[in-house]
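Since the structure comes first, as structure tokens, the remarks are kept for the end.
Letters A, B, ... mirror the listed sequences (proteins, then strands); counts begin at 1. These numbers come from the heavy atoms of this one structure, side chains and all, not from hydrogens, waters or symmetry mates.
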Number of protein chains: 2
Amino acid sequence: MTIKIIIADDHQLFIDGIKSILSKSFDIDIIAEANNGLEVLKLLKHGILPDIILTDIRMPIMDGISLTKTVSKDYSKLKVLALSMFDQTIDVIEMLEAGAKGYVTKNIDKSELHLAIHTVMKGHYFFSKNLPKDIQDWFHKENLIPNDQLLTKRETEILELIVKGRTSLQMAKHLKLSKYTIDTHRKNIHKKLGIKSNTGLVNYALKNL
Amino acid sequence: MTIKIIIADDHQLFIDGIKSILSKSFDIDIIAEANNGLEVLKLLKHGILPDIILTDIRMPIMDGISLTKTVSKDYSKLKVLALSMFDQTIDVIEMLEAGAKGYVTKNIDKSELHLAIHTVMKGHYFFSKNLPKDIQDWFHKENLIPNDQLLTKRETEILELIVKGRTSLQMAKHLKLSKYTIDTHRKNIHKKLGIKSNTGLVNYALKNL
DNA sequence: ATTTATATACCTAACATTAGGTATATGAAA
DNA sequence: TTTCATATACCTAATGTTAGGTATATAAAT
């Protein structure tokens, strides 16, 4: 059984490179290509349905994140494998939140790309091993533990106060605890969610709570 | 024409104080009182409809913010005037966002309370003059100037990066500008929106952009 | 032609967060 | 009963934000 793939990237040169790498595989078939997300959606609407969409994140007209969100909603059987120049945590997390099943950087080699495709095809997640460590942390915490049991009462309470813009010192006074305690809770929240910054926590909370 | 008022506060003593102040006015009629937001909603459901709800922010069972949100949605003709011990910016902004038409602190005097009630009754906003200055800033910017003209291109760009969790230094490198420039833009954003903290900006951006 | 808005850059002090620890007490689960 | 989860508290160094300024250049508006 061959794996059907659509490639989406705004750099034609890169599409060609991927094609030449994958064309040598008996079990992988590139059934179409596109230069932005909208073109992929058009292909899907015309009944050109792949097993995996291999897509760049940043593209004109419609980017990979929007594409992935739409695909996850309307074609939930299709798997999206993100492919990007960038390995910044925020990009990876956004793609995963949009519903991507894996994330590889553009400097991966031939064998790793094959592995990624086959792994995702089997229903597992795949990540380039050169992605920052905190992504793996985030992924494990975020996906293997049910969200509502993730944070303790106290941690949720503190997260809510962080979202409201309270500082550690204000929270300490309000809850009649030491500032050190608040900061310990913060660190535990960071660890559990795999999110290190205050702004990231607000993002998380407004989307998930 | 008398102005009908419901007072909501979990401190009975305070309700009594307000009542004794307002009972001397010919044109103000306290038609009911409540000790939390839920009690107010029950009164409304039973057809006891005031012109103005004078409510505390922090109350057990249902707080003033939740009450105001429900009233704004289901009884949009009623005006909510917030009454609080606290004059923290975040409280005021939350009440205003919930739909309150004014905000007075509990240390106002008799004549100011009258003025507040009459001003709100006429359809204007009212704020205690002892509220922090940045609230007036926030209010003016937020309500009198159309949102889409408020921030310049550059400022919007930087706000978006802040939401994504980028630091000043990261943004400086990415945009090939000095960190000082980024910080200047930040300060201008703070001034224009009347929001001073990073977390507040993320809140604002996710709700308004 | 002068003012205003935008964008840029610099400086410093105060405050806040983040990351790296360690440590103790309590109650619930294995 | 020992381990695990939760909640508490302390310490320090590095990094980042916020608030107070000043200052320059350019383009648009009055």
Item to complete: Nearest whole angstrom, please: distance from the C1' of C:dA5 to the CG of B:Asn188.
Response: 10 Å
Worksheet item: Listed by chain and number, what are the salt bridge (Lys or Arg N to Asp or Glu O under 4.0 Å) partners of A:Arg186, not counting sequence neighbours?
Response: none
Fill in: Any residue meeting side chain to side chain donor-acceptor pair (under 3.5 Å) with B:Thr199, in chain and number order, not counting sequence neighbours
B:Ser197
Worksheet entry | Which residues share a side chain to side chain donor-acceptor pair (under 3.5 Å) with B:Gln170, sequence neighbours left out | none
Practice prompt. Could you state the atom-to-atom distance from CD1 of B:Ile162 to P of D:dG16 in whole Å?
Written response: 14 Å
Worksheet entry | Protein-nucleotide distance (B:Gln170, atom CD; D:dG16, atom P), rounded to Å | 7 Å
Fill in: Protein-nucleotide distance (A:Leu169, atom CG; C:dA14, atom C1'), rounded to Å
13 Å
Worksheet item: Is the shortest heavy-atom distance from the side chain of B:Ile65 to the side chain of B:Met95 under 4.5 Å?
Response: yes
Worksheet item: Does B:Asn203 reach the main-chain N or O of A:Lys164 with its side chain, forming a donor-acceptor pair under 3.5 Å?
Response: no
Practice prompt. Have a look at the helix from C:dA1-D:dT30 to C:dA30-D:dT1 and give the angle its two end axes make, five pairs each, rounded to 10 degrees.
Written response: 40°
Fill in: Short side-chain N/O contact from B:Thr152 to OP1 or OP2 of C:dA5, under 4.0 Å
no
Worksheet entry | All side chain to side chain donor-acceptor pair (under 3.5 Å) counterparts of B:Thr68, not counting sequence neighbours | none
Discussion item. Among residues at least two apart in sequence or on other chains, which ones pass side chain to side chain contact (heavy atoms under 4.5 Å, CB included) with B:Tyr180?
Written reply: B:Ser178
Discussion item. I need the CD1-C1' distance between A:Ile158 and D:dA7, as an integer number of Å.
Written reply: 9 Å
Practice prompt. Output the single nucleotide from D:dA19, C:dT8, C:dT17 whose closest atom is nearest the side chain of B:Arg154.
Written response: C:dT8
Response to the item:
Separation of D:dT6 atom P from A:Leu151 atom CG, nearest Å, is 10 Å
Item to complete: Could you list the residues that satisfy salt bridge (Lys or Arg N to Asp or Glu O under 4.0 Å) with A:Asp183, not counting sequence neighbours?
Response: A:Lys179
Discussion item. I want to confirm an ordering. Mapping A:Met171 and B:Lys153 to their closest nucleotides on DNA chain C, which one lands closer to the 5' end?
Written reply: B:Lys153
Item to complete: Could you encode protein contacts along nucleotides 25-30 of chain C as a string, one character per nucleotide from 5' to 3', using B for base contact, S for sugar-phosphate-only contact and - for no contact, with a heavy-atom cut-off of under 4.0 Å?
Response: ------
Worksheet entry | For DNA chain D, the residues among residues 172-187 of chain B that have a non-hydrogen atom under 4.0 Å from it | B:Lys179, B:Asp183, B:Arg186, B:Lys187
Item to complete: Taking B:Asp10 for its side chain and B:Asn35 for its backbone only, find out whether a donor-acceptor pair lies under 3.5 Å.
Response: no
Please list each protein N or O that sits under 3.5 Å from an N or O in nucleotides 24-30 of chain D, with the distance.
none

Item to complete: Scan B:Leu81, B:Ile5, B:Leu67, B:Leu83 and name whichever one has a side chain to side chain contact (heavy atoms under 4.5 Å, CB included) with B:Ile53.
Response: B:Leu67
Practice prompt. State which residues pass side chain to side chain donor-acceptor pair (under 3.5 Å) with A:Ser66; sequence neighbours excluded, sorted by chain then number.
Written response: A:Asp63
Worksheet item: Can we say A:Glu157 and A:Arg154 salt-bridge, meaning some charged N sits less than 4.0 Å from an Asp/Glu carboxylate O?
Response: yes
Response to the item:
With sequence neighbours left out, the residues meeting side chain to side chain contact (heavy atoms under 4.5 Å, CB included) with A:Asn188 are A:Glu155, A:Thr184
